[in-house]
Amino acid sequence: MTKAKRQMEEDIKLIDLVIELLDARIPYASRNPDIDKLAANKARLVLLNKADMADPEKSKEWMQFFEQKGIPVCVLDSRNKKDMKQITQVVQQACAAKFERDRKRGIKNRPVRAMVAGIPNVGKSTFINTYAGKAAAKTGNKPGVTKGKQWIRLSSTVELLDTPGILWPKFEDQRVGLHLALTGAIRDEILNTEELAMELIHLLEKDYPEMLKGFYQWDEVPYEKYPEKPEAAILEAIALVRGCLAKGGEIDFLKAANLLLENFRNGKIGRITLERPDSEEA
Ligand code: G4P
């Protein structure tokens, strides 16, 4: 068992609620398969983060998917303070059963203890910092405070563990690996940059036709040069329109591939979601 998983198992004993952060562009690939077991008997909440870069229509479908499973869910941009207002409400919803249990036992005002969990890069630290705001900063800056578990008091009803739980994605599934590599969540070891870019072109042309053309504004695509690989023709069109050329004037595919991936990862090309609930067995 990895150290991160052991740590998660220890931390989870201390809490009532698991706030699971997923990447709204790839909710399936950014989900950890172990979470259901790890968080059994805990209240659960799913946050579809980076929703500012995701396709709003598909985010709606994903929200329905989690709601149908009985898991309270929100979409958000963790960098945006305004998006935090909805969290308190959904936390209450997720913990309704716990509050009810406490009330029956005569326990009043015991705050919910929560932890944030998710795969690397999904936005855990950003979320904690924005959600906790000044409270988080205060805990971190206090000199002499022993390192270890710190609880950030968010309101009279919620306390948050300051260190997020790190979960690992399911690398074995090739398509999951591809989606994680495309969003930049992991470094892809199997595909090189040009192949990765061409996979992205393939997915976008299928699900979002016209989006690439709209963004890069190319005049034409030299499909006849690549009869077997239309994606290569599109990459060439991107290279030409963006001046990705090597010294001798030949096409610099690597540069074009890096540019395309960067534009996608920064949400510049448009709001894109690579997965839909009906095609995933999440
Ligand atoms: P982690 O703790 O889960 O590993 O993730 P972290 O908060 O470090 O966030 C990873 C990257 O994702 C950061 O960008 C962060 O700004 C960005 N991010 C987090 N939440 C959101 C969101 O809701 N929307 C968008 N668009 N981006 C988000 P970075 O490039 O690594 O750092 P920086 O340039 O922001 O400093």
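Indexing begins at 1, ligand by ligand and atom by atom, following the structure's order.
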side-chain contact (heavy atoms from CB on, under 4.5 Å) evaluation trace for M211 with I269
CA-CA 7 Å; M211 199 183 246; I269 295 173; 4.1 Å; yes
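When heavy-atom distances to ligand 1 are checked against a 4.0 Å cut-off, T126 comes that close through both its backbone and its side chain.
For atom 9 (O) of ligand 1, the nearest protein heavy atom lies closer than 4.0 Å. Protein heavy atoms are found inside the 4.0 Å sphere centred on atom 20 (N) of ligand 1. Remark: atom 23 (O) of ligand 1 lies closer than 4.0 Å to at least one protein heavy atom. In this structure, atom 30 (O) of ligand 1 has no protein heavy-atom contact shorter than 4.0 Å. Counting only heavy atoms, the protein never gets under 4.0 Å from atom 13 (C) of ligand 1. Distance check on atom 1 (P) of ligand 1: some protein heavy atom falls below the 4.0 Å cut-off. Proximity of atom 36 (O) of ligand 1 to the protein is not indicated, since no non-hydrogen protein atom lies closer than 4.0 angstrom.
Close N/O approach between G123 and ligand 1 is found [any backbone or side-chain N/O within under 3.5 Å]. Polar contact with ligand 1: absent for M53 (N/O pair, distance under 3.5 Å).
Between E100 and R103, at least one side-chain nitrogen of the basic residue sits less than 4.0 Å from a carboxylate oxygen of the acidic one, meeting the salt-bridge criterion.
Nearest protein heavy-atom neighbour of atom 26 (N) of ligand 1: D52 OD2, 2.8 Å. Distance from atom 4 (O) of ligand 1 to its nearest protein heavy atom, with residue and atom name: N121 N, 2.8 Å. Annotation: atom 18 (N) of ligand 1 to nearest protein heavy atom, K50 CE, 3.8 Å.
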Show every donor-acceptor pair shorter than 3.5 Å between a side-chain atom in residues 43-56 and any protein atom, with sequence neighbours excluded, or say none if there are none.
| residue | atom | partner | partner atom | Å |
| --- | --- | --- | --- | --- |
| R44 | NH1 | D36 | OD1 | 3.3 |
| R44 | NH2 | E20 | OE1 | 3.3 |
| R44 | NH2 | D36 | OD1 | 3.1 |
| N49 | OD1 | S78 | N | 3.1 |
| N49 | OD1 | S78 | OG | 2.9 |
| N49 | ND2 | V122 | O | 2.8 |
| K50 | NZ | N121 | O | 2.8 |
| D52 | OD2 | R79 | NH2 | 3.0 |
| D55 | OD1 | E57 | N | 3.0 |
| D55 | OD2 | Y208 | OH | 2.6 |

Report, one line per pair, each donor and acceptor closer than 3.5 Å where one atom sits in a side chain of residues 248-263; sequence neighbours left out.
| residue | atom | partner | partner atom | Å |
| --- | --- | --- | --- | --- |
| D252 | OD1 | L254 | N | 3.4 |
| D252 | OD1 | K255 | N | 3.1 |
| N258 | ND2 | L254 | O | 3.4 |
| N263 | OD1 | Y216 | OH | 2.7 |

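For ligand 1, the atoms sitting less than 4.0 Å from at least one non-hydrogen atom of S78 are 20 (N), 22 (C), 23 (O), numbered in the order shown with element in parentheses. Against a heavy-atom cut-off of under 4.0 Å, V122 is close to the following atoms of ligand 1: 3 (O), 5 (O).
Atom CH2 of W218 has more than 12 heavy atoms from other residues, nucleotides or ligands within 6.0 Å. Other residues, nucleotides and ligands place no more than 12 heavy atoms under 6.0 Å from the CD atom of Q89.
Between K60 and M63 there is no side-chain heavy-atom pair separated by less than 4.5 Å. Using a 4.5 Å heavy-atom threshold, the side chains of L76 and F127 count as touching. Between L203 and F264 there is no side-chain heavy-atom pair separated by less than 4.5 Å.
Nearest to atom 25 (C) of ligand 1 by heavy atom, out of R265, R79, K124, is R79.
Judged purely by atom type and a 3.5 angstrom limit, Q64 has no side-chain atom pairing as donor or acceptor with the backbone of E61.
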